[in-house]
Engineer: 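Take a look at this one; I'll ask things after.
Only heavy atoms go into these numbers, but all of them, side chains included; no hydrogens, no water, no symmetry mates. Each chain gets a letter, A, B and so on, in the order its sequence line appears, and its residues count up from 1.
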Amino acid sequence: MAKRKGDELAAEESPFKPLSAPSAPVPPPAPEPSAAPVAMVPLESIPGIDPRIPPALRANGYGDLWPSQQEAAPLAVAGKNLVLAVPTASGKSLVAYLALLSKALKGAHGLYLVPLRALASEKYEDLKALGAALGLRVAIATGDLDAEDPQLARFDIVVATSEKADALLRHKAQWLTNMGCIVADEVHLMGDPGRGPTLEVLLARFKQLNPSAQIVALSATIQNSRQIAEWLGAAHVKTEWRPVQLREGILYGEAITFTDGERQKVESGLEDASLALTEDSVRKGGSVIVFVSTRKSTEALAEKLVAATRGSLTDANKAALAEATASLKGSDETSVEKRLAKCMMGGAAFHHAGLRNAERGLVERLFKAGHLKALSATPTLAAGVNLPARRVVVRDLFRYDVNSGNVAIPVLEYKQMAGRAGRPRYDKVGEAITIAKTHDQRGEISASFLFADPERIESKLGTENALRTHVLSSIASEFVGDEAELDAFMKATFYAHTSDTWVLKERTTRVIDFLLENELITAQGDAFQATRFGKRVSELYVDPKSAVQIRAGLARVGEARLTPMSFLHLIASTPDMIPLYLRKGDEWLAGVAMEREAEILVPQKHGADYEFFLAELKTASLLHDWIEEAPEEEMLKKYGAYPGDVASKVETARWLLYATEEIARIFQKEATKPVTQLAARVQHGARAELLPLLELRGVGRWRARQLWRAGYHSRDLLAQASFADLTRVQGIGPGVAASILKELGRDPEAEAPAPRSGQQTLWE
DNA sequence: GGTTTTGATATTTAGACAGCATGTC
DNA sequence: CTAAATATCAAAACC
């Protein structure tokens with residue numbers, strides 16, 4: 001048990017004593033998680049566990065059951081419904097795996113739902129290894145990852161994002177309707193206004209489709225996890241235990257005061273609080289993540305963090321970082337990458353969603369391996385893949401919100417960031433530290449974050465936005481055939497479980513009206529049926545509002561001067577595309593608006609909405625530059641965007657253009673061709689002239705452009721080239737050249753010089 | 001004379017799922 | 001409408 005230093009002082013000054021205002025009493029500290037040896041329970045002693053499971057787990061590095069798992073594991077194995085509310089990194093995945101594997105060994109299928117694609121990969125790797133040891137087949141299904149086999153039905157366990165699972169249900173994947181076990185990871189996400197309703201509807205649907213299926217919901221510790229358990233008819237297990245003890249504290253001046261009352265001086269010569277906290281920990285062999293509220297802060301801070309990390313780099317660290325930095329420079333070198341490389345050489349890095357996925361992954365790997373000593377990050381890192389640090393500094397507890405200025409971040413979010421502290425196997429304790437600038441702030445932070453309970457989570461299904469898409473999908477997938485069935489389904493949701501349903505009823509009626517008016521569904525008496533349009537919209541997984549807007553735009557095709565910009569703006573004006581921010585220097589967009597007026601398919605917005613129109617145009621303009629092969633660095637500057645932003649806009653555009661193409665197939669056949677071509681251009685980021693070359697395997701935008709420059713303007717011209725000529729083209733090596741010729745029906749082996757020893761060729 | 005520091009003022013603000021059918025430098 | 005950190009630019013201090 002921690003010894004209290006300076007009790008007297010603590011009694012007077014500790015921010016953890018009750019505050020003066022009796023109306024807001026500070027709850028007493030939670031019982032200390034015991035750092036003492038804990039009673040582990042062997043896997044083999046779980047009642048009824050299949051004897052094949054424990055050895056498979058042990059072979060994959062899992063040990064005995066931690067206290068946090070001991071109550072839940074037997075329930076999971078016995079096939080019971082379960083809501084497990086535990087802190088991050090306390091081993092809740094293992095409980096889910098136990099449930100899935102137990103069911104699968106009995107021949108029932110399992111589904112593991114996650115909110116992030118990166119998380120899907122992580123869980124898939126885990127389960128694949130376990131499955132291999134048990135003779136079970138595991139697959140992954142997300143928007144951007146190969147489902148190894150389109151016949152997902154053949155797999156015993158499928159890992160999927162909730163949206164992907166929802167999409168599969170809309171396509172009436174029969175195998176999904178008789179799942180034996182459904183795991184919902186991070187169920188507290190049900191309270192997210194954007195994506196929560198999908199998870200909620202999905203769980204309600206599974207409950208309806210197969211009431212005997214086992215549901216295991218994993219949650220962060222939230223106030224009303226019991227309520228979720230009641231809704232799901234599940235046992236509720238809540239623990240605070242963590243394998244690595246977590247200490248939360250507040251830095252004020254030069255010392256940290258922890259919630260147990262202990263004080264600790266920060267040893268550093270650096271002035272700035274975040275830097276001092278970093279140097280203090282890194283010098284003692286620790287690692288640090290500093291959470292801040294903006295991307296810019298993340299970069300500015302990382303540049304300064306170097307002062308705190310550089311001194312602690314070993315030669316091995318330096319070598320690894322030098323190698324990694326070199327790989328970074330291999331790609332188009334943008335200023336963000338230069339900046340990142342500079343930080344990395346000093347042992348620190350920044351991490352936010354503006355980085356490309358590869359860059360984010362690189363930073364994560366280097367930090368995990370201990371080569372990077374400190375990271376500054378936006379909340380991406382708190383919700384994403386498992387990336388712990390010995391010390392977590394939550395620097396910014398407020399974040400800008402468009403509606404209300406700077407607002408305190410949710411307690412749940414603070415807890416998730418704090419929960420990243422403590423690396424199992426490396427650290428005895430993890431520290432989560434916030435910074436107080438004034439004496440008063442200490443008390444405020446303590447009461448509002450460290451000792452505060454995370455918020456309740458509330459269903460966000462009651463908004464028309466959420467209902468529009470889910471009511472349509474219910475009807476289109478024939479889960480619901482009339483008003484009574486719709487009511488019955490709505491009554492089975494978490495929303496209905498927690499609130500009066502009259503609001504829901506009223507909004508549902510309005511949504512039905514919207515769907516009827518726009519001919520997404522038809523009604524005969526009380527019975528509903530989706531139109532061809534409605535069915536397709538549901539399957540395409542776009543917001544019905546987007547689809548209606550796209551249809552309206554397509555109807556004007558004859559009146560406008562049709563260019564790529566016409567369609568790019570059409571999709572950018574859709575609620576499924578989040579537009580780029582409008583910034584100070586963006587006045588040029590007004591000019592574009594004038595020039596392009598004849599090309600725009602959507603009626604221009606005026607007055608107060610003019611800025612929205614310009615923001616849509618900005619997004620469309622970025623996509624237009626992309627397909628005109630504008631140099632990336634130039635684009636990033638022009639739009640104030642990051643590489644990751646371009647990638648995400650391109651991804652969304654591809655998806656919406658496909659939807660546009662399909663909608664055109666129904667209503668405006670003559671528009672399909674230009675849209676198909678545009679979609680290909682967006683996919684590759686290239687002008688139309690390169691499209692034939694881009695169909696070749698191994699040829700992307702860069703190689704295609706090089707081939708074009710070398711005079712190969714068509715596949716025919718290319719087919720006549722000699723192997724030697726091709727290899728002289730910038731970016732085309734012997735391997736690619738051979739593959740191109742082979743694809744064009746030539747026999748490169750006859751022409752190619754014998755491959756040098758050790759060099760791999762494509763046709764071996 | 002040129003450079004750095006200081007200070008007032010202007011500017012900006014987290015994240016990321018989905019179709020379908022195969023592969024960038 | 002709200003806030004705070006960072007960027008920017010000009011003036012002042014410094015070498």
Engineer: Students often get this wrong, so: under 4.0 angstrom with heavy atoms, is Gly405(A) touching a base, only sugar-phosphate, or nothing?
Structural biologist: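 The residue Gly405(A) makes base contact.
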Engineer: Taking the P atom of each, how far is dA14(B) from dA7(C), in whole Å?
Structural biologist: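 Their P atoms lie roughly 13 Å apart.
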Engineer: Please, what dot-bracket string fits DNA chain B when only Watson-Crick and G-U pairs with both distances under 3.5 Å count, crossing ones use [ ] and pairs to another strand use |?
Structural biologist: |||||||||||||............
Engineer: May I ask whether Phe398(A) stacks on the base of dA4(C), given the cut-offs of 5.5 Å between ring centres and 30° between planes?
Structural biologist: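 It does not: the ring fails the test against the base of dA4(C).
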Engineer: DNA chain B: Arg295(A) or Arg117(A), which has the more 5' nearest nucleotide?
Structural biologist: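 Going by which nucleotide is closer to the 5' end, it is Arg295(A).
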Engineer: dA16(B), OP1 or OP2 - any side-chain N/O from Arg360(A) closer than 4.0 Å?
Structural biologist: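 Yes, because at least one side-chain N or O of Arg360(A) sits under 4.0 Å from OP1 or OP2 of dA16(B).
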Engineer: Give Gly640(A) one of three labels, base, sugar-phosphate or nothing, depending on what nucleic acid heavy atoms sit under 4.0 Å from its own.
Structural biologist: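 The residue Gly640(A) makes no contact with any strand.
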Engineer: Using a 4.0 Å heavy-atom cut-off, does Asn403(A) contact any base of the nucleic acid, only the sugar-phosphate backbone, or nothing at all?
Structural biologist: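 Base, at least one base atom sits under 4.0 Å.
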Engineer: Flag the pair Arg709(A) and Glu629(A) as a salt bridge only when some basic side-chain nitrogen lies within less than 4.0 angstrom of an acidic carboxylate oxygen.
Structural biologist: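 Not counted as a salt bridge, because no side-chain N and carboxylate O are separated by less than 4.0 Å.
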Engineer: Are the aromatic ring centres of Tyr112(A) and Tyr124(A) under 6.0 angstrom apart?
Structural biologist: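 Distance test on ring centres: not under 6.0 Å, no.
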Engineer: Counting heavy atoms from C-beta on, name the nucleotide in dA5(C), dA18(B), dA7(C) closest to the side chain of Lys437(A).
Structural biologist: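 Nearest nucleotide to the side chain: dA5(C).
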Engineer: May I ask you to say what Ile578(A) touches in the nucleic acid, namely base, sugar-phosphate or nothing, with a heavy-atom cut-off under 4.0 Å?
Structural biologist: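 Base contact - Ile578(A) has a heavy atom under 4.0 Å of at least one base atom.
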Engineer: NA contact type, Val699(A), heavy-atom cut-off 4.0 Å: base, sugar-phosphate, or nothing?
Structural biologist: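 Val699(A): backbone/sugar contact only, no base atoms under 4.0 Å.
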Engineer: Reckon Leu696(A) touches a base, only the sugar-phosphate, or nothing at all at heavy-atom distances under 4.0 Å?
Structural biologist: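 Leu696(A): backbone/sugar contact only, no base atoms under 4.0 Å.
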Engineer: Students often get this wrong, so: under 4.0 angstrom with heavy atoms, is Arg697(A) touching a base, only sugar-phosphate, or nothing?
Structural biologist: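 Arg697(A): backbone/sugar contact only, no base atoms under 4.0 Å.
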Engineer: Does Thr294(A) put a side-chain nitrogen or oxygen below 4.0 Å from OP1 or OP2 of dT12(B)?
Structural biologist: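 No, outside the criterion.
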Engineer: For the pair made of CD in Gln730(A) and P in dC25(B), what is the distance, rounded to whole Å?
Structural biologist: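 It is 12 Å, rounded to the nearest whole Å.
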Engineer: Starting at CD1 of Ile550(A) and ending at P of dG19(B), how long is that distance when rounded to a whole Å?
Structural biologist: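 Nearest whole value for this atom pair: 15 Å.
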Engineer: Exactly one of Val471(A), Val537(A), Ile475(A) should register a side chain to side chain contact (heavy atoms under 4.5 Å, CB included) with Leu520(A). Which one does?
Structural biologist: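 Testing each of Val471(A), Val537(A), Ile475(A) against Leu520(A), the sole residue satisfying side chain to side chain contact (heavy atoms under 4.5 Å, CB included) is Val537(A).
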Engineer: Centre of Trp626(A)'s six-membered ring, under 6.0 Å away, within 45 degrees of the axis: is that where NZ or CZ of Lys649(A) sits?
Structural biologist: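 No, cation not above the ring by the 6.0 Å, 45° rule.
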Engineer: Mind listing the residues from residues 162-173 of chain A sitting with a heavy atom below 4.0 Å of DNA chain B? Number order is fine.
Structural biologist: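 Listed by number, they are Glu163(A), Lys164(A), Ala167(A), His171(A).
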Engineer: Would you say Ser297(A) places a side-chain N or O within less than 4.0 Å of OP1 or OP2 belonging to dT6(C)?
Structural biologist: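 For dT6(C), OP1 or OP2 has a side-chain N or O of Ser297(A) closer than 4.0 Å.
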Engineer: Which is more 5' along DNA chain B, the nucleotide nearest Leu582(A) or the one nearest Glu539(A)? Just name the residue.
Structural biologist: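 Upstream on the strand: Leu582(A).
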